Each structure stands twice: as structure tokens, then as C-alpha cells.
Amino acid sequence: MSKKPISPLQAARAAYKPKLPKALATHGSSMKATKGEPTQSVADQHEIKALFPNTYGLPVVTFDSPSEAKVSALKVGVILSGGQAPGGHNVIAGLYDGLKKINAKSELYGFLGGPSGLIDNKYIKLEGPLVDEYRNTGGFDIIGSGRTKLEKEAQFDKVIENCKALGITAVVVVGGDDSNTNACMLAEYCAKKQSGLLVVGCPKTIDGDLKNEWIEASFGFDTSAKVYCELIGNIQRDANSAKKYWHFVKLMGRNASHVALECALRTHPNITLISEEVAEKKKTLHEIILEIASIVKNRAENGKDFGVVLVPEGLIEFIPEMKLMIEELNDQLAANAKFYETLNTDDEKWQFVNRTLSAAASHTFSSMPIDIQRQLLADRDPHGNVQVSRIETEKLLIEMVVEQLKEWKALGSYTGKFSTVNHFFGYEGRCAAPSNFDADYCYSLGYTASSLIGAGLTGYLSSVRNLTKPADQWIAGGIPLTMMMNLERRHGKDTPVIKKALVELYGKPFLEFAAHREKWALNDEYQYPGPIQYFGPSEVCDITTATILLEKS
Ligand code: FBP
């Protein structure tokens, strides 16, 4: 069979040996779980305890010494869930190597296409040569991913049945907050049914919003942000060279603005919008437009008809009047799904919107450009939400700033030129070859997951901490999934979910940004991070995000 062609960089990266926390690297057999005090959920303790009686209150565990116990061969299943994030393949490699270290006869099964593979029993056995082919590579293509929600008892029963048939006694869910919320529910159900199936999660998402006091970062955030920073830096150099375009760059991040904030801290663009600040200050769309247009005008007065604006993907849902309109739309489309499917023309759909939305929401909807209206009515995600990555917020802002500048031009208060280019950076970064940080972090997370399973633990999220220190000083362990849960209102019901980490306006990353943004707006203090470096001096290759460095400083 002919081998797949690989680039020289791929060949060199295949030889990279990811670093592990010292305790795992030196002992590398099954590990002893040192247990802390019983824990509590971040909020709504009474309700969460009642919903998760079998997995609530577990202690935080750390792995710092080997276990004397001989662990028999383990059979483990793994799924990759949700959006791609750089380093997923190294989670699998770390899990595989860790399981083999615990017992050379252990086996790893990869369920295909995300949670649906686990329910429909579609899997492959992950063996040495296949795992080797994917070490230190980007993407999730080794087994694929998917967004099927694993949350119903009938699905849990299927998972238990399929795993039992294969002799699998533990499942690793590699996913974001929603997937790990489902992992928590599955762990509870398996414990309640005394099924013998353990469930362990790994924190993944480029959005960077699955983090808390114990989980310092989700994997993939580091690499993807570095890719976007390189591209933004290049665009800034182009803008500053040609001096004729305003570039509007939308950056991925379904809800939180961590990616936009990280890119701002690394590249110093002229304008960065932070959704959480917009929501907190209850800014209207008009106020946001005025802010952008004023900076365009001020720069024009200094002879600078160019600049760079970063726009977080989720912005539109944080602007109060838009949020209201989108929530109403989501609810109406869900409640009238069958009828809505019969509507063919734009006119029919707009009549439906006018009929079902409140006067305020309907007004906001009809004030949007036609293309944005169509995007707002497009297919929902599996949670029934609008897919913000499909809404061209950057174009909406451009159109509205153009209108504002026209007004000022007519009044004689603006005389500049406003030529724009729009970009959307998201998919470009999600499958990049993991940076050294993500390669090491993901491998360590997978390896730690194997230690959690080897110690017979369930309902835990694999955790590797002390991330701003060199990898050998990282601390491996597990955080109870129930500890991260709280109740949130979903579709009119209080629902237990892992608390999402949004940008904190009193946190160091935001304060650092806020302290500099006025200067960055008018002066050209662009910083050019350049491409990810895989080989070279450690201070260039192993550096992690500004976000975590500031958070831990
Ligand atoms: P996860 O939270 O599943 O990691 O995915 C995040 C994300 O990359 C968002 O940034 C983006 O809004 C979304 O996925 C895009 O979804 P899709 O891959 O379905 O287009």
C-alpha cells in the first residue's frame, strides 16, 4: 500500500517527542491518585447535588507518585466531540501511550464521527502504526468529530450496551463545555446503573472558554490564536505599507471573546471589540458604530486612511437589542419548525418574522441589511441556536460605518477615504499543526486521562496545571466534572451545565488591553508575531498565550 505523501515539516514533526509532567514521565506506570477534600459545584450546590447523587462531591486528584497496584489490561474508547482544535491527535497518542504503559495489553478504540459513533457503534481499533502516523499533527481526521448531543437516557443505554459488547470499561470524551456536560451526565448515569463504565473528559476548544480555577486552558486555543496572530500581523504590515485599506477581521469564538482579546494583546490592532464589554455596558449597535467611525475619522485627520479592526464572532449576540431579537427568533423557529420548513421565499419568511416577533425584535430584524436577515434565518445548530460563524458581522459593521461616515462627510466633519477589506479567520486555525505548547499539553492531557482510568476514577476532567512553567513542572490530575456545573436557563428550563468562562472585565488580560487600546487606536504600534516556530530557541518556540501568562502573573 502506498504511503500518504507528507511534507518535510510533517516528517520532522513526526519525530517530536512531546514533554510530560515530571511525575508521569519518570514513573510512567499506573499512577497513585492523591485525593484532596470533597468538592462542591461552582454554584447551585443543592440542586446539582440532587441531580448528580452518585458523582457529586468527588475530591480533586493529583498524580505525583506511581501506584503499587498491578492494573490488568484496559479496554478504552475515545471520541472527539464538537469543533476541531489543534492537538486532538496528541490527546489520542498520549492516551494510547499511557494505557500501554499501564499494561502493554491494553487496547484503545476510536469511535467515529463524535458522539454518534458511540451511539451507533461505529469504531476502529487504534493501533501503534496508525497512532504514529498522526502524532503532532493537526486535525481530528484520525477518527473524525461530530456535534450529536449525547444527553438522552436511551442514548446512554446504547453507549453502555456497545461498550459492554466490546469489553470497553472506560470512555474518554474530548470536547468543550457542552460535550463535557454530557460526559458528566453519562458518568452519573453509568454510576447509577452500576454499569462499570467509567467516563473521563479532556478540555478542548479553540474558543478558550472551558477554563476555571482548576482548568487553566482548553487545548487548541494556543495554536489557533497563534495562527490568527500571524495573519493579523501580516495584514497590519500590509495596511501600514499600502496605507489605503481598513481591514475588518472577524475571529472565531462562538460566545467568548478570548480569541479576539488574545490576538489584540499579541498584535496591537487599532480597534478590538470585546463582546463581554459590549454586554456589560449595554452598548447599542449604533454606539458601537459611532465608536469605530470616530476612530476612523480621528485617524483620517492625521492622514491615516487605514487600520485594522478585530471583531469577535459572537459579538452580535452580546448587543442587547440583537440578543433579544436572536433569542426570540431561535424560540420561534424551534416552536414552528414544521411550518417554517414549508416557507420558500424570502417574503414568506419575513412575514413569519413580523408575525411572530415582538415589535422591538421585529424592528431590529428589519433594520438589518437583507443579507444579514437571510443569515439570521439560516439553519440552526444542534442546540437550536443561530450559527454565528455564518453571520457576516464584519460586513454589517462596515456597511453601517460607511453610512455614518457619509453623514459626517455631508456635514463637512469628515474628509477621509474609507476603503475596506473584510476577513473571517476561524477554520484556518482549527486544524493547524499544534504548537509545542499544545503538542505537549494535549499529550499530557491524554496521558493523564489514562492515569484517571488506571486509578478507576469516573466523572473527572483530565487536568494539567502550572502551565506557565516548563512542562516538567506541570501538575497532572483530575477535576470532578460536577465541580464545574451550575444551573443555566436553556429553552425555558433550568439545566445543569458546565459554567462557560467569558472574558472577565476585571481580569488581567482585559485590563492590560484596556490600558493600551487608546494608544493603539491612533498610533501604529502594530506587533508582528510571525508564524508558529516548532524548532529553535525555547523562548520563541515554547511560549504560550498572553492570556494565560497575564492570568497567572
Ligand atoms: P467547539 O466549542 O465545539 O470547540 O467549537 C468551537 C467553534 O470553532 C466556534 O469557534 C465556532 O463558532 C464553531 O465551532 C463553528 O462550528 P462548525 O464547526 O460547526 O462550523
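In this text, all values refer to a predicted model and were calculated from it rather than measured experimentally. As the structure lists them, so they are numbered: ligands from 1, and atoms in each ligand from 1. We count residues from 1, following the sequence as given.
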(message) So for atom CD, which belongs to Glu280, do other residues, nucleotides or ligands contribute more than 12 heavy atoms lying within a distance under 6.0 Å?
(response)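 Not buried by this count: 12 neighbours or fewer within 6.0 Å.
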
How are the rings of [X] and [Y] set to each other: parallel, tilted or perpendicular (split at 30° and 60°)?
X	Y	result
Trp246	Phe248	tilted
Phe437	Trp474	perpendicular
Phe221	His258	perpendicular

For ligand 1, run through the N/O pairs with the protein that fall under 3.5 Å and put one pair on each line.
unit_1   : atom_1 : unit_2 : atom_2 : d
ligand 1 : 2 (O)  : Thr205 : OG1    : 3.3
ligand 1 : 3 (O)  : Gly83  : N      : 2.8
ligand 1 : 3 (O)  : Arg147 : NH1    : 3.1
ligand 1 : 3 (O)  : Lys204 : NZ     : 3.2
ligand 1 : 4 (O)  : Lys204 : NZ     : 3.0
ligand 1 : 4 (O)  : Thr205 : OG1    : 3.0
ligand 1 : 5 (O)  : Arg147 : NH2    : 3.2
ligand 1 : 8 (O)  : Arg430 : NH1    : 2.9
ligand 1 : 10 (O) : Asp207 : OD1    : 2.7
ligand 1 : 10 (O) : Asp207 : OD2    : 3.4
ligand 1 : 10 (O) : Gly253 : N      : 3.3
ligand 1 : 12 (O) : Glu313 : OE1    : 2.6
ligand 1 : 12 (O) : Glu313 : OE2    : 3.4
ligand 1 : 14 (O) : Arg147 : NH2    : 2.8
ligand 1 : 14 (O) : Arg430 : NH1    : 3.2
ligand 1 : 16 (O) : Arg147 : NH2    : 3.1
ligand 1 : 18 (O) : Arg430 : NH1    : 2.9
ligand 1 : 18 (O) : Arg430 : NH2    : 2.9
ligand 1 : 19 (O) : Arg147 : NE     : 3.1
ligand 1 : 20 (O) : Tyr427 : OH     : 2.5

(message) What I'd like to find out is whether the side chain of Ile232 reaches to under 4.5 Å of the side chain of Leu251, using heavy atoms alone.
(response)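 The answer is yes, as the side chains (C-beta and beyond) meet within the 4.5 Å cut-off.
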
(request) Return the set of residues passing side-chain contact (heavy atoms from CB on, under 4.5 Å) with Leu445 (not counting sequence neighbours), or none when no residue passes. (result)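 Here the qualifying residues are Cys202, Pro203, Phe219, Tyr441, Ser462, Val464.
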
